[in-house]
Enquirer: 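The structure's right below; bear with me while I get my questions together.
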Amino acid sequence: MRNGLEAALVGLAALAALLGAAFAKDNLFQAHAWVLFFVLAVSTVLLLRRVQFASSGKAVTEPDTSGYMDDVVRYGVIATVFWGIAGFLVGVVIAAQLAWPVFNIEPWFNFGRLRPLHTSAVIFAFGGNALIATSFYIVQRTTRARLFGGNLAWFVFWGYQLFIVMAATGYLLGITQSKEYAEPEWYVDLWLTVVWVAYLLVFAGTLARRKEPHIYVANWFFLSFIITVAMLHLVNNMAVPVSFLGVKSYSAFAGVQDALTQWWYGHNAVGFFLTAGFLGMMYYFVPKQAERPVYSYRLSIVHFWALIFLYIWAGPHHLHYTALPDWAQTLGMVFSVMLWMPSWGGMINGLMTLSGAWDKLRTDPVLRMMVISIAFYGMSTFEGPMMSIKSVNSLSHYTDWTIGHVHSGALGWNGMISFGAIYFLVPKLWNRERLYSLRLVNWHLWLATLGIVIYAAVMWVAGITQGLMWREYDDQGFLVNSFVETVNAIHPEYVMRTVGGLLYLLGAFLMVYNIWRTIRGDVRHEPAFAPVKSAA
């Protein structure tokens with residue numbers, strides 16, 4: 001019998017969720033338990049439909065395990081696209097809510113609940129699925145080994161989707177521990193820990209059984225991302241629940257220690273989840289798409305070790321001019337400034353990989369998308385260290401300049417390299433000759449780029465406007481501008497931010513259509529991107 005054990009385990013989990021709803025200590029836990037029960041109940045029914053029984057005296061036909069395990073990667077690509085659209089859409093909604101507060105719908109769809117839904121959807125749902133899918137694809141090709149653990153990779157995929165659903169529904173219900181990028185409460189954090197340990201086992205086990213003696217640099221970045229995120233998650237989310245049948249918990253840390261622990265986690269979530277993991281993508285997909293070897297393998301190793309050593313110390317720059325001791329603030333600033341060098345080492349290595357292949361940019365919009373992502377990586381990793389300097393931070397902190405910085409990195413670097421990876425993977429995973437339409441890729445490229453430029457530029461203007469208005473005093477030492485006056489002054493920028501987000505979302509919808517037609521096997525007949533000839 002196949003899939004029988006899995007169906008039984010998910011059914012028992014559904015029963016446990018039902019009991020949790022029955023004996024819940026508060027209404028929020030009860031509502032969340034009902035959500036979990038319905039998800040697991042549907043999953044149980046779907047698994048039961050897949051149970052296979054052998055005829056009398058015959059064994060159940062075992063699946064072919066001789067090749068790469070790509071089915072889970074296919075599902076990962078679809079999940080990445082789905083959660084990307086969801087996250088971008090919620091981002092546009094909350095941008096509109098800031099420009100026009102009438103769009104706040106109480107209680108479930110106000111800004112306070114949708115904002116963490118947006119950040120988690122784009123970082124952990126879109127970005128996390130992109131990382132899991134690409135790491136599973138890359139580690140198999142670079143080790144020449146099938147994923148370790150049999151169906152453990154499927155547990156990682158579906159377990160991670162369950163985490164996303166529980167986190168997202170929790171935000172809408174108002175269940176949060178109020179920590180940036182670490183909003184889910186204790187029981188959702190425990191489930192993520194189980195899934196993440198399984199992810200580490202699959203990835204490390206595949207490396208251990210490799211047929212290729214050398215470990216390619218992309219796998220170093222993926223491994224560091226998996227291990228470090230596990231450490232960050234465990235420490236920052238240490239908490240004591242009030243009840244094992246209630247949502248509320250209390251952090252193991254308090255005061256400035258809690259703040260430092262949170263931003264040690266928060267900044268390194270950026271450093272390892274959004275940087276190291278996606279650099280693993282870059283070091284595989286850019287050389288493959290450019291059909292050129294990595295410019296300098298030695299530089300990639302120096303880049304790796306310098307990056308992971310320096311990043312872990314940079315978190316205190318989020319706490320300038322707070323109760324954190326001044327020496328700790330200065331330490332964070334110094335390591336942040338030093339971080340600029342290994343970051344640009346990675347950018348230079350990625351761009352110089354195109355040496356001898358720059359002409360491909362005229363005809364290959366997928367490669368162009370990857371190169372633009374590297375350019376945004378270089379820009380945001382220069383801007384970040386600059387903003388960590390105390391004198392700059394005194395102007396930029398708590399303003400929309402920070403929002404512009406984060407989105408130039410997230411939309412430009414993480415988004416564009418993910419789009420490029422998806423466009424690379426889809427024809428290969430579904431055995432298609434090429435994408436349905438390269439012209440649609442080009443449209444996606446320019447819509448997304450224009451959206452990012454508008455978004456980041458207007459947020460820079462808004463942030464500097466805020467910072468200057470907040471520090472303006474009259475001759476008697478009183479503040480000249482009230483907070484409401486600063487909000488009114490940047491309303492046009494908030495409207496333009498919404499426009500930028502809409503352009504980015506429109507590009508993502510074009511990607512969905514292009515991928516759907518590619519999977520169907522359609523090919524759009526269109527003239528190739530011919531190089532432009534000079535008049536001479």
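Just so it is clear, the model here is predicted, and its values are computed rather than measured. Scope of the values below: all heavy atoms of this structure, side chains included, with no hydrogens, waters or symmetry mates.
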Enquirer: Tell me whether the count of non-hydrogen atoms from other residues, nucleotides or ligands lying under 6.0 Å of CZ in Phe382 goes above 12.
Expert: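 Check fails, neighbour count at 12 or below.
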Enquirer: Any sub-3.5 Å donor-acceptor pair from Trp470's side-chain atoms to Thr465's backbone N or O?
Expert: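 Not a single qualifying donor-acceptor pair exists.
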Enquirer: State whether a side-chain donor-acceptor pair under 3.5 Å links Asn514 with Arg524.
Expert: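 The criterion, which ignores hydrogens and geometry beyond distance, is not satisfied for Arg524 and Asn514.
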Enquirer: Decide yes or no for Trp401 and Val392: does some side-chain heavy atom of the first lie under 4.5 Å from some side-chain heavy atom of the second?
Expert: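 Yes, close enough: below the 4.5 Å cut-off.
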Enquirer: Which heavy atom of Ser418 sits nearest a heavy atom of Phe126, and at what distance?
Expert: CB-CZ, 3.7 Å
Enquirer: I need the full list of side-chain hydrogen bond (donor to acceptor under 3.5 Å, both in side chains) pairs touching residues 82-104, with sequence neighbours left out, sorted by first then second residue.
Expert: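 The answer is Trp83-Gln161.
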Enquirer: Please check if the number of heavy atoms outside Trp305 that lie under 6.0 Å from its CH2 is greater than 12.
Expert: no
Enquirer: Taking Asn481 for the side chain and Glu472 for the main chain, is one N or O donor matched with an acceptor at less than 3.5 Å?
Expert: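 Between the backbone of Glu472 and the side chain of Asn481 there is no qualifying donor-acceptor contact (under 3.5 Å).
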Enquirer: Could you check whether the rings of Tyr137 and Phe424 sit parallel, tilted or perpendicular, using 30° and 60° as the cut-offs?
Expert: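 Rings of Tyr137 and Phe424: perpendicular, over 60°.
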Enquirer: Distance alone, cut at 3.5 Å: any donor-acceptor contact between the side chains of Gln466 and Thr486?
Expert: no
Enquirer: Any heavy-atom pair between the side chains of Lys390 and Tyr321 that's under 4.5 Å?
Expert: yes
Enquirer: Quick one: CE on Met370 to CG on Leu361, what's the gap to the nearest 0.5 Å?
Expert: 11.5 Å
Enquirer: Hey, are His233 and Tyr265 close enough side-chain-wise for a donor-acceptor pair under 3.5 Å?
Expert: no
Enquirer: Is the positively charged end of Lys248 above the ring of Tyr250, judged by distance under 6.0 angstrom from the centroid and angle within 45° of the axis?
Expert: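 Judged by the rule (NZ or CZ under 6.0 Å from the ring centre, within 45° of its axis), Lys248 counts as positioned above Tyr250.
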Enquirer: Going by atom types only, do Tyr311 and Thr228 share a side-chain donor-acceptor pair under 3.5 Å?
Expert: no
Enquirer: Donor-acceptor pairs under 3.5 angstrom involving side-chain atoms of residues 276-286: please list them, not counting sequence neighbours.
Expert:
| unit_1 | atom_1 | unit_2 | atom_2 | d |
| --- | --- | --- | --- | --- |
| Tyr283 | OH | His303 | ND1 | 3.0 |
| Tyr283 | OH | Asn349 | ND2 | 3.1 |

Enquirer: To check you understand the geometry: which heavy-atom pair defines the closest contact between Val35 and Met166, and what is its length?
Expert: CG1-SD, 4.5 Å
Enquirer: Measuring from Thr330:OG1 to His317:NE2, what's the distance to the nearest 0.5 Å?
Expert: 13.5 Å
Enquirer: What heavy-atom pair brings Thr498 and Val92 nearest, and what distance separates the two atoms?
Expert: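 Nearest heavy atoms, Thr498 then Val92: CG2-O, 4.2 Å.
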Enquirer: Under 3.5 Å, side chain of Asn110 to main-chain N/O of Arg113, donor-acceptor pair present?
Expert: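 Answer holds: yes.
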Enquirer: State the CD1-CZ distance between Ile94 and Phe103, to the nearest 0.5 angstrom.
Expert: 14.0 Å
Enquirer: If you count the non-hydrogen atoms of other residues, nucleotides and ligands that lie under 6.0 Å from CE in Met238, is the total more than 12?
Expert: no
Enquirer: Would you confirm whether Asn488, through its side chain, and Val484, through its main-chain N or O, come within 3.5 Å as a donor-acceptor pair?
Expert: no
Enquirer: Check the orientation of Tyr513 and Trp516. Use parallel for under 30°, tilted for 30 to 60°, and perpendicular for over 60°.
Expert: tilted
Enquirer: Whether the Ser380 and His405 side chains hold a donor-acceptor pair (N or O, under 3.5 Å, no angle test) is what I'd like checked.
Expert: no
Enquirer: Rounded to the nearest 0.5 Å, how far apart are CG of Leu411 and CZ of Phe376?
Expert: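 Interatomic distance, Leu411 CG to Phe376 CZ, rounded to 0.5 Å: 8.5 Å.
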Enquirer: Can you pull the side-chain hydrogen bond (donor to acceptor under 3.5 Å, both in side chains) pairs that have at least one residue in residues 450-464, sequence neighbours excluded?
Expert: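 Residue pairs passing side-chain hydrogen bond (donor to acceptor under 3.5 Å, both in side chains), neighbours aside: Glu383-Trp460, His407-Tyr455.
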Enquirer: Tyr494 vs Asp400, test: side chain to side chain donor-acceptor pair (under 3.5 Å). Steps then yes/no.
Expert: CA-CA 10 Å; Tyr494 276 22; Asp400 285 320; 2.7 Å; yes
Enquirer: Taking side chain as C-beta onward, heavy atoms only, is Tyr436 less than 4.5 Å from Ile519?
Expert: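 No, too far: nothing below the 4.5 Å cut-off.
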Enquirer: Looking at side-chain heavy atoms only, is the closest gap between Pro184 and Phe163 below 4.5 Å?
Expert: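 Sidechains of Phe163 and Pro184: in contact.
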Enquirer: Please tell me whether Phe273 and Phe124 form a close aromatic pair, meaning their ring centres lie under 6.0 Å apart.
Expert: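 Ring centroids of Phe273 and Phe124 are less than 6.0 Å from each other.
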Enquirer: Ignoring hydrogens and geometry, is there a side-chain-to-backbone donor-acceptor pair from His118 to Phe88 under 3.5 Å?
Expert: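 No, because the side chain of His118 does not come within donor-acceptor range (under 3.5 Å) of the backbone of Phe88.
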Enquirer: According to the interplanar angle, ranging from 0 to 90°, do the rings of Trp263 and His318 count as parallel (below 30°), tilted (30 to 60°) or perpendicular (above 60°)?
Expert: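 Taking His318 first and then Trp263, their aromatic rings lie parallel (interplane angle under 30°).
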Enquirer: Once rounded to the nearest 0.5 Å, what's the spacing between atom CD of Gln329 and atom CG of Asn393?
Expert: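 Gln329 CD to Asn393 CG: 9.0 Å, rounded to 0.5 Å.
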Enquirer: Can you see which heavy atom on Leu307 is nearest to which on Tyr377, and at what distance?
Expert: CD1-OH, 4.2 Å
Enquirer: Locate the shortest heavy-atom distance separating Tyr171 from Pro116; write the atom from each residue and the value.
Expert: CE1-O, 3.5 Å
Enquirer: Is the shortest side-chain heavy-atom distance between Leu98 and Arg497 below 4.5 Å?
Expert: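 The answer is yes; the side chains approach within 4.5 Å.
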Enquirer: Any salt bridge between Glu185 and Lys179, counting N to O under 4.0 Å?
Expert: no
Enquirer: Can you label the angle between the Tyr423 ring and the His444 ring as parallel, tilted or perpendicular, going by 30° and 60°?
Expert: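 Perpendicular, since the angle between the ring planes exceeds 60°.
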Enquirer: Would you say the ring centers of His320 and His397 fall short of 6.0 Å from each other?
Expert: no
Enquirer: Should we say atom CH2 of Trp220 is surrounded by more than 12 heavy atoms from elsewhere, each under 6.0 Å from it?
Expert: no
Enquirer: Write down the atom of Trp344, the atom of Gly378, and the distance for their closest heavy-atom approach.
Expert: NE1-O, 2.8 Å
Enquirer: Tell me, yes or no, whether the heavy-atom count around Asp258 atom CG, taken from other residues, nucleotides or ligands under 6.0 Å, exceeds 12.
Expert: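 It does: Asp258 CG has more than 12 such atoms within range.
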